[in-house]
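First the structure, in the form of structure tokens, and then the observations on it.
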Amino acid sequence: MSSAISPVAADRPVHLKHFIDGKFVSANGRSFENRNPATGQVIGTVDEADAATVDAAVQAARRAMKGPWGKTTEQERAAILRKVADGIMRRFDDFLQAEVLDTGKPVSLASHIDIPRGAANFNIFADQVLTLSTETFRMATPDGRGALNYAIRVPRGVIGVVCPWNLPLLLMTWKVAPALACGNAVVVKPSEETPTTATLLGEVMNEAGVPPGVYNVVHGFGPDSAGEFLTRHPGVNGITFTGETRTGEAIMKAAAEGVRPVSFELGGKNAAVVFADCDLDAAIEGTMRSVFANCGQVCLGTERIYVERPVFDAFVSRLKAAAEKLQIRDPFDKAGTLGPLISEEHRRKVLSYYERAREEGATIVTGGGVPDLPAPLSGGAYVQPTIWTGLPEDSAVVREEIFGPCCHIAPFDDEDAVIERVNDSPYGLATAIWTQNLARAHRVAAGIEVGICWVNSWFLRDLRTPFGGSKQSGIGREGGVHSMEFYTELRNVCVKL
Ligand code: NAD
Ligand code: 6OD
């Protein structure tokens with residue numbers, strides 16, 4: 001992979017169109033800029049959908065459901081999904097380049113997580129749909145002949161898929177793959193910050209033989225733009241969304257019109273709990289990832305760290321030393337380990353928390369500002385990896401989701417009290433516990449109010465298991481059979497014999 005922030009982007013800005021009914025279309029004169037957050041440079045322009053464009057995409061999806069796609073078998077769809085997975089892997093470098101340019105994330109991360117996992121989602125849900133079963137009962141009837149009462153699964157119809165920017169291909173395919181496996185058609189609204197891989201996937205869908213109208217992409221923003229037009233559209237039968245909790249509230253209001261079901265994966269303020277009996281090397285390594293991976297822009301990231309007092313000082317000084325070794329490089333340099341934030345706007349938000357921590361009297365263990373970088377990275381949305389101690393539990397920095405490369409570390413003395421502190425949050429997405437005491441691990445995992453609790457690991461999950469958040473971190477679970485629950489409806493059939 002070449003360096004210098006990819007010559008392709010510098011020489012040949014890309015213009016992205018919508019993907020509707022199997023074709024790339026420019027529907028009106030409106031467009032917006034796509035910037036590389038690693039440099040701030042414009043790398044392309046993107047068409048912005050108006051209500052009529054979104055309607056065209058929804059109508060294409062509805063037609064597809066009425067056509068041959070609506071009659072495909074699970075086996076046929078599984079075979080097509082595997083071709084989509086193969087198509088992504090065949091064009092691995094194209095997807096990788098697009099994702100790295102849109103997000104600025106280090107190529108080492110995108111090549112190990114984003115692109116392979118994006119492809120894996122199609123294989124996993126191809127497997128899943130082939131093993132899906134429903135219940136059947138033989139009933140007694142007064143005439144003695146009986147009845148056969150069973151359920152079949154049918155697709156919901158057209159699914160609106162609204163995506164965030166932090167893991168664009170991974171989180172989009174996490175929803176599109178099960179939706180298609182179940183026989184639905186989709187209209188995807190990628191984040192305005194990261195429009196490219198969803199668009200590229202249109203080409204792969206065509207190559208894999210996905211019929212026109214089954215996979216559609218409309219570009220734009222949220223309110224009064226493509227996101228709102230899609231979620232309000234009466235032709236959309238269900239909405240799956242990953243993003244901020246406040247956006248989830250707006251989408252839920254839109255979905256209330258027509259009583260459409262939603263599946264939401266929302267924000268978090270996740271905690272890690274480090275017990276004195278842990279393997280400290282593993283806890284440091286895992287916490288480095290859970291705080292700084294993807295520049296802290298992972299919904300599962302841990303911005304609150306509670307460390308049992310006997311190892312508090314050692315933990316803080318070792319995490320500081322490791323954080324100070326993070327490498328900001330050209331994102332295409334394999335040695336880079338820390339990328340930029342997604343945008344200048346997001347950097348302003350994160351830096352406002354850096355300022356707030358100072359005002360609230362935090363001890364800044366490391367970071368707290370903006371790194372001094374050479375051009376062209378000097379134009380990027382970088383912040384220093386930052387660690388604080390000494391803040392009260394009710395400070396904004398400890399309670400609110402920042403979504404940056406930062407954490408607050410606090411000591412604790414008592415297991416029950418730390419569980420209470422972890423649970424004292426409007427969110428409930430994820431936790432990581434570090435301990436070698438097996439009984440404690442089970443006890444604490446059961447007591448913490450989250451959708452997923454890791455013990456001595458982080459971001460390790462079989463894609464067949466349920467994923468989602470408690471409290472304001474989400475509604476419903478996706479993953480494996482749980483995705484099939486959202487992307488299908490059960491129809492009860494009772495046959496009198
Ligand atoms: P966001 O909510 O700002 O935007 C997500 C998407 O929603 C974008 O495509 C945006 O255009 C669209 N949108 C915004 N307003 C809308 C509206 N009124 N109607 C319809 N669509 C609208 O989120 P983001 O900034 O892209 O992502 C970061 C957030 O996502 C963080 O809060 C993070 O925790 C959360 N997240 C959660 C998970 C999870 O699995 N729980 C995963 C990734 C990210
Ligand atoms: O593990 C996954 O598939 C998943 N949905 C991860 C979400 C990460 C959020 O940023």
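The residues of the chain are indexed from 1 along the displayed sequence. Ligands are counted one by one from 1 in listed order, and the atoms in each one are counted from 1 as well.
In this structure, a donor-acceptor pair under 3.5 Å is absent between the side chains of Ser425 and Lys269. Glu478 and Ser263 share a side-chain donor-acceptor pair at under 3.5 Å. Side-chain atoms of Asp55 and Gln59 form a donor-acceptor pair, as typed in the model, at a separation below 3.5 Å. Judged by distance alone, the side chains of Thr197 and Glu99 do bring a donor and an acceptor atom under 3.5 Å apart. Checking Ser395 against Glu360 by side-chain atom types alone, a donor-acceptor pair falls below 3.5 Å.
Using a 4.0 Å cut-off to heavy atoms of Pro164, the atoms of ligand 1 that qualify are 26 (O), 27 (O). When each atom of ligand 1 is checked for a heavy atom of Ala250 under 4.0 Å away, the hits are 18 (N). Set against the non-hydrogen atoms of Gly267, the atoms of ligand 1 under 4.0 Å away are 32 (O), 34 (O). Close approach to Leu429 involves these atoms of ligand 1, each under 4.0 Å from a residue heavy atom: 41 (N). Residue contact check: Phe241 has heavy atoms under 4.0 Å from atoms 2 (O), 5 (C), 6 (C), 7 (O) of ligand 1. Which parts of ligand 1 touch Val162 is read off a 4.0 Å heavy-atom cut-off, strictly below it: atoms 6 (C), 7 (O), 9 (O), 12 (C), 21 (N). Atoms of ligand 1 lying under 4.0 Å from any heavy atom of Leu171, numbered from 1 in the order shown and given with element: 42 (C), 43 (C). For ligand 1, the atoms sitting less than 4.0 Å from at least one non-hydrogen atom of Phe467 are 40 (O), numbered in the order shown with element in parentheses.
For ligand 1, the polar-atom distance check against Phe403 finds no nitrogen or oxygen pair separated by under 3.5 Å. At a 3.5 angstrom cut-off on N or O pairs, Glu192 counts as close to ligand 1. For ligand 1, the polar-atom distance check against Thr247 finds a nitrogen or oxygen pair separated by under 3.5 Å. For the pair Glu401 and ligand 1, the shortest N or O to N or O distance falls below 3.5 Å. Annotation: Lys189 places an N or O atom under 3.5 Å from an N or O atom of ligand 1; distance criterion only.
Of all non-hydrogen atoms in Glu401 and Gly267, the two that sit nearest each other are OE2-CA, 3.6 Å.
Ranking protein heavy atoms by distance to atom 24 (P) of ligand 1, first place goes to Trp165 NE1, 3.3 Å. In terms of protein heavy atoms, atom 22 (C) of ligand 1 is closest to Gly222 CA, 3.4 Å. The protein atom (non-hydrogen) at minimum distance from atom 36 (N) of ligand 1 is Cys299 CB, 3.6 Å. Nearest non-hydrogen protein atom to atom 23 (O) of ligand 1 is Glu244 N, 3.5 Å.
Here CD of Glu203 is found 8.0 Å from CG of Asp94. Values are rounded to the nearest 0.5 Å. In this structure, NE2 on His408 lies 13.0 Å from OG1 on Thr386, to the nearest 0.5 angstrom. The OG atom of Ser290 lies 7.5 Å from the CH2 atom of Trp434; values are rounded to the nearest 0.5 Å. For the atom pair Glu74 CD and Leu81 CG, the distance stands at 12.0 Å (nearest 0.5 Å). A distance of 9.5 Å separates CD in Glu193 from NE2 in His346, rounded to the nearest 0.5 Å. Expressed to the nearest 0.5 Å, how far CZ of Arg117 lies from CH2 of Trp174 amounts to 7.0 Å.
Using a 4.0 Å cut-off between heavy atoms, Leu300 makes no contact with ligand 1 at all. Looking at Pro190 against ligand 1, only its backbone comes within 4.0 Å, counting heavy atoms. Contact annotation for Ile251 and ligand 1: only side-chain heavy atoms (C-beta onward) come within less than 4.0 Å of the ligand. Contact annotation for Leu266 and ligand 1: only backbone heavy atoms (N, CA, C, O) come within less than 4.0 Å of the ligand.
Applying the 6.0 Å contact sphere to NZ of Lys349 captures more than 12 heavy atoms from other residues, nucleotides or ligands. Within 6.0 Å of atom CD in Glu420, 12 or fewer heavy atoms from other residues, nucleotides or ligands are found, so the atom counts as exposed in its surroundings. Enclosure of atom CZ in Arg82 by more than 12 non-hydrogen atoms of other residues, nucleotides or ligands within 6.0 angstrom is indicated.
Heavy atoms of Phe264 come nearer than 4.0 angstrom to ligand 1 in no pair at all. Under the 4.0 angstrom criterion for non-hydrogen atoms, Cys163 is in contact with ligand 1. Within the 4.0 Å heavy-atom shell around ligand 1 one finds Pro223.
Salt bridge Arg399/Glu303: absent, no basic N to carboxylate O contact under 4.0 Å. A salt bridge does not link Arg464 with Asp127: every distance from a Lys NZ or Arg NE/NH1/NH2 to an Asp or Glu carboxylate oxygen is 4.0 Å or more.
Within 4.0 Å of atom 15 (N) of ligand 1, at least one protein heavy atom is present.
Scanning Gly474, Gly469, Gly268, Gly227 for the heavy atom closest to atom 21 (N) of ligand 1 points to Gly227.
Ring orientation note: the planes of Phe19 and Tyr215 are tilted relative to one another, at an angle of 30° to 60°.
For Trp165 and Phe403, the gap between ring centers is short of 6.0 Å.
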For each nitrogen or oxygen atom of ligand 2, which protein N/O atoms lie closer than 3.5 Å, and how far apart are they, rounded to 0.1 Å?
{"from": "ligand 2", "atom 1": "1 (O)", "to": "Arg117", "atom 2": "NH2", "distance (Å)": "2.5"}
{"from": "ligand 2", "atom 1": "1 (O)", "to": "Arg461", "atom 2": "NH2", "distance (Å)": "3.1"}
{"from": "ligand 2", "atom 1": "3 (O)", "to": "Arg117", "atom 2": "NH2", "distance (Å)": "3.1"}
{"from": "ligand 2", "atom 1": "3 (O)", "to": "Arg461", "atom 2": "NH2", "distance (Å)": "3.0"}
{"from": "ligand 2", "atom 1": "10 (O)", "to": "Asn166", "atom 2": "ND2", "distance (Å)": "2.9"}
{"from": "ligand 2", "atom 1": "10 (O)", "to": "Cys299", "atom 2": "N", "distance (Å)": "2.9"}

